[in-house]
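See structure below.
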Amino acid sequence: MASAGRDRTNIASGYAFEDAYGYGRAVRVGDHVFVSGTTARAPHLEADAYGQLTAAIATVAAALDQAGAALRHVVRTVIYVRDLADVDLIARAHREAFGDSPPASTLVQVAALTPASAVVEIEATAIIHD
């Protein structure tokens, strides 16, 4: 965790794209945590949309943990999907991860993701409320 100001903390996960593209995995400002768009990483990129989203959510959960938050604090997600035929798999993974604390959510179809083998990406916003 690296601090970039009195009320702002940048969280890195060590993913090569973070340095290459100049972004952090997450940023905490006060009680708010903003987690960057997150895809699965190898070897999970060979999985279906359910497996990829489950792996991506685990990365999101790790970033939240570093920021002092948890999945129960997530109030909004945005999910980017290449193929709308995967929506049931994506919904299942999202529902299982957020359980009794479902966040507001938006699903957006996109033409491509990075890396090219990714079929789904998730970003999250959390507010630490307890």
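Residue numbers start at 1 and run along the sequence shown. For clarity, every value in this text was computed on a predicted model and none was experimentally measured. We use all heavy atoms of the structure for the numbers below, so side chains are in, but hydrogens, waters and symmetry mates are not.
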Value rounded to 0.5 Å, distance of OH in Y80 from CD1 in I122
10.5 Å

Using a 4.5 Å cut-off on heavy atoms from C-beta on, say whether the side chain of F98 contacts that of T77.
yes

Minimum heavy-atom separation for I11 and A63, please, with both atom names.
CG2-O, 4.2 Å

Spatial distance of atom OG (S117) from atom CD (Q52) [nearest 0.5 Å]
6.5 Å

Any side-chain heavy-atom pair of S105 and I79 under 4.5 Å:
yes

With distance as the sole criterion, is a donor-acceptor pair present between the side chains of R76 and T106 under 3.5 Å?
yes

I would like to know whether I128 and V33 meet side-chain contact (heavy atoms from CB on, under 4.5 Å); could you show each step before the answer?
CA-CA 8 Å; I128 302 167; V33 183; 4.2 Å; yes

For the pair L107 and L84, evaluate side-chain contact (heavy atoms from CB on, under 4.5 Å) and give the outcome as yes or no after the intermediate values.
CA-CA 9 Å; L107 180 76; L84 289 177; 4.2 Å; yes

So which of E123, R25, E121 actually passes side chain to side chain contact (heavy atoms under 4.5 Å, CB included) with S36?
R25

Correct closest heavy-atom pair for A116 and R82 would be O-NH1, 2.7 Å

Lys/Arg-Asp/Glu bridge criterion (N-O < 4.0 Å) met for D100, R72:
no

Within one Ile-Leu-Val-Met-Phe-Trp-Tyr cluster: V60 and V75, side-chain cutoff 4.5 Å
no

Once you round to the nearest 0.5 Å, how far does CD1 of I127 lie from NE2 of H32?
3.5 Å

Count I, L, V, M, F, W, Y as connected when their side-chain heavy atoms are under 4.5 Å apart, and connections chain through other members. Are L71 and L53 then in the same cluster?
yes

From the options D48, V120, T54, V119, select the one residue that forms a side chain to side chain contact (heavy atoms under 4.5 Å, CB included) with L89.
D48

No-hydrogen, no-angle side-chain donor-acceptor test under 3.5 Å, H73 and D130:
yes

Short question: side chain of R28, backbone of R8 - any donor-acceptor pair under 3.5 Å?
no

Between F34 and L64, is there a shared hydrophobic cluster once you connect ILVMFWY residues whose side-chain heavy atoms come closer than 4.5 Å?
no

Can H94 and Y50 be said to form a side-chain contact (heavy atoms from CB on, under 4.5 Å), step by step?
CA-CA 9 Å; H94 194 270; Y50 172 83; over 6 Å; no

Where A40 and A56 come nearest, the two heavy atoms and their spacing
N-CB, 3.9 Å

Spacing of L45 atom CG and T39 atom OG1 [to the nearest 0.5 Å]
6.0 Å

